[in-house]
Amino acid sequence: MSKKQTINNMSYAEAIAELTKISEYLEREDIDLDTAVQEFERGNELISYLKEYLKNTENKVENIKIDLASK
Amino acid sequence: MNNDELFVPVYTVTELNSVLNQTLQVAYPEIALEGEVANFKINQNKWVFFDLKDDNCIISCFMSIYQLKTPIEDGMMLKVYCTAKITNWGKFSLTIRTYELSGEGSVKKAFELLKEKLSKEGLFQGDRKRALPEFVNKIALITSTGAAAYNDFLTILGKRWSGVQIDHINVQVQGADAPTQIRLAIEHFNSLKTNYDCLVLIRGGGSPEDLQAFQTEEVVRALYSSNIPTVVGIGHEDDVCLAELVADVRAATPTDAARIVVPDKIDFMDYLDRLGYGFYQNIKGKIQHGRSSIDRFEHLSRMFLIDRINILENKSSIINERMTKIINNEQARLDIIGTKLEILNPSFLLKRGFSIVRSGSKIIRSTDDLKIGQNVVIQLQKGKMVARIKEFL
């Protein structure tokens, strides 16, 4: 599995998608231990990133003004 | 002519019509009127005519078909906002700007009619409903800033999840202008290039009149046409509004809408912990498996060697046994030979009392080898002697 974008640039949807792939990959019997360990480490990094993101990132509200006169 | 009469200008018919209409416009720029609908009809699919009446009087009303937002039927109570005029044909008529159903009976009736019509068109079918994405990044929110629903939704959203972008358009959620404002907001969000994951339309509970905007064809069609998946949450316990029926997802309340669009970060962090633990167990298992493969190999190798050693040991003990047997046999043979030899040993004879007679070195076995007067040596067990042959017996 080739390495992807830097974790810090990821949206959490992207991070979660990669985490799911890693989870499926590690379930396989036919992978070599070296690759498995690499993916395991990547998975842990993603998990830490997601937890930090959830703890610290605020939601952002923006009010949009439009012309609401009857059309 | 009576000189006591006041001067009254003499108008033409057109002039009078114009003066009266101007007077009406100035005196009554906007009229609100409530009455019962009668004689409802639509002409040429363009013009809507009906009367509003009460127990004593009746007034004609007129509007264009584009203003017919909710179905109207004779017998319904209507509240209209209008201007008054006298038509060129001398008819006193109200031109309707906007209207609302009033009274529970009217509202229910309109609801049933519209629901049937839209249902026949397939707007409420389940198989057209779209699923929301599991994780949303951008939400289009339509509600009134003054409503509790707005604050409730944002508060719960903030507690549950992080990093969401919420774009909000403030609209009226009740009253005559509400349906159009809601429609314009939905259309605006759909016109933007932003990739909204869902469009949320919410308000708190209220009377059927308060919720009327969510029963209008205008709002229902706008939701139906939305390319962005829609969530409608109205905080009421009663029958479902048409807007809720057409939405992709119906939320019971604005708070429930927040729970639907985002997961709970606490639950999700639990899930991440379990996932991480699962990864760890998985890797540990793989390493164990690797180790045990090596162990197994080592064990098998050892068993193989032990086996070989056992075989060799067996063979060597067999060899030992056989050698021992052979040696014992030989020993036995040697013993027999030894015994025989012992018997044949002259000393053995001498012990038994026999003697050996020699003449010189020759052992005499027969008297033929002797002469009278010859000297012989006689060896006994103990000692020797010389003897002379005296006679043969």
Side-chain angles (χ1 to χ4, degrees), chain A residues 1 3-71, chain B residues 67 97-98 133-141 145 150 154 157-172 176-185 187-189 191-192 197 262-263 265-266 268-269 271-273 275-276 278-287 289-290:
Chain A
M1 281 169 91
K3 257 322 137 241
K4 301 110 210 156
Q5 64 190 98
T6 325
I7 286 181
N8 288 332
N9 292 338
M10 282 180 154
S11 71
Y12 58 74
E14 285 168 330
I16 284 157
E18 192 183 332
L19 207 54
T20 309
K21 280 210 184 92
I22 290 175
S23 180
E24 284 163 12
Y25 182 75
L26 287 177
E27 291 297 316
R28 285 164 53 178
E29 305 252 329
D30 58 339
I31 52 174
D32 66 275
L33 202 51
D34 284 334
T35 316
V37 169
Q38 268 175 34
E39 291 303 312
F40 164 71
E41 283 169 356
R42 173 86 173 172
N44 278 335
E45 281 170 37
L46 286 167
I47 286 172
S48 297
Y49 170 70
L50 282 168
K51 285 165 101 168
E52 269 314 296
Y53 191 108
L54 288 176
K55 281 193 198 132
N56 299 325
T57 315
E58 297 289 324
N59 294 331
K60 200 167 132 211
V61 182
E62 193 179 313
N63 288 305
I64 295 181
K65 288 210 162 27
I66 65 168
D67 179 12
L68 288 172
S70 291
K71 284 181 189 170
Chain B
Q67 292 164 278
R97 182 179 68 78
T98 183
E134 199 182 349
F135 297 102
V136 305
N137 285 319
K138 294 196 173 75
I139 296 176
L141 177 64
T145 325
Y150 175 74
L154 291 177
L157 203 75
K159 281 192 184 141
R160 282 174 74 82
W161 204 245
S162 300
V164 186
Q165 166 75 31
I166 301 136
D167 288 349
H168 169 245
I169 294 179
N170 181 32
V171 298
Q172 289 183 27
D177 295 331
T180 301
Q181 291 193 1
I182 293 171
R183 172 179 60 83
L184 289 171
E187 286 171 357
H188 182 81
F189 277 131
S191 73
L192 298 176
D197 295 297
V262 293
K265 67 173 97 163
I266 308 255
F268 191 70
M269 289 213 265
Y271 161 73
L272 288 175
D273 282 339
L275 193 66
F279 285 171
Y280 165 71
Q281 289 289 83
N282 188 301
I283 284 291
K284 198 171 135 192
K286 281 185 167 54
I287 291 171
H289 182 77

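By convention in this document, chain letters (A, B, ...) are assigned in the order of the sequence lines, proteins followed by strands, and residues within each chain are numbered from 1.
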Under a 4.5 Å cutoff for heavy-atom pairs, which residue among A/Ile16, A/Thr57, A/Leu54, A/Leu46 has the most contacts with chain B? A/Leu54

Taken in chain and number order and not counting sequence neighbours, the residues that satisfy side-chain contact (heavy atoms from CB on, under 4.5 Å) with A/Lys51 are A/Ile47, B/Met269, B/Leu272, B/Asp273

Winner by heavy-atom pair count (cut-off under 4.5 Å) against chain A, out of B/Ile166, B/Ile182, B/Asn170: B/Ile166

Working to the nearest 0.5 angstrom, can you tell me the gap between A/Asn59 CG and B/Lys159 NZ? 13.0 Å

Contacting moiety of B/Asn282, where chain A heavy atoms sit under 4.5 Å: side chain

Is B/Leu157 close to chain A through its backbone or its side chain, or both, or neither, when contacts mean heavy atoms under 4.5 Å? both

Hey, could you give me the NE2/NZ distance between B/His188 and A/Lys65, rounded to the nearest 0.5 Å? 12.0 Å

Show the nearest heavy-atom pair for residues B/Leu184 and A/Asp67, with the distance to one decimal. CD1-O, 3.8 Å

Tell me, for B/Ile287 versus chain A, whether the close heavy atoms (under 4.5 Å) come from the side chain, the backbone, both or neither. both

Okay, A/Leu19 and chain B: the region with an atom under 4.5 Å from a heavy atom over there is both

If one checks every heavy atom of B/Phe189 against chain A at 4.5 Å, the contacting part turns out to be side chain

Specify the closest pair of heavy atoms between B/Ser162 and A/Tyr53, including all atoms of both residues, with the distance to one decimal. CB-O, 3.8 Å

Heavy atoms of other groups near B/Glu134 CD, more than 12 under 6.0 Å: no

Can you tell me how far the CD atom of A/Gln38 sits from the CD1 atom of B/Ile283, to the nearest 0.5 Å? 10.5 Å

Can you tell which part of A/Leu26 gets under 4.5 Å to a heavy atom of chain B, answering side chain, backbone, both or neither? both

How are the rings of B/Phe279 and A/Phe40 set to each other: parallel, tilted or perpendicular (split at 30° and 60°)? perpendicular

Please classify the contact of A/Leu33 with chain B as side chain, backbone, both or neither, using a heavy-atom distance under 4.5 Å. side chain

Exceeds 12 heavy-atom contacts within 6.0 angstrom, atom CD1 of B/Ile266: no

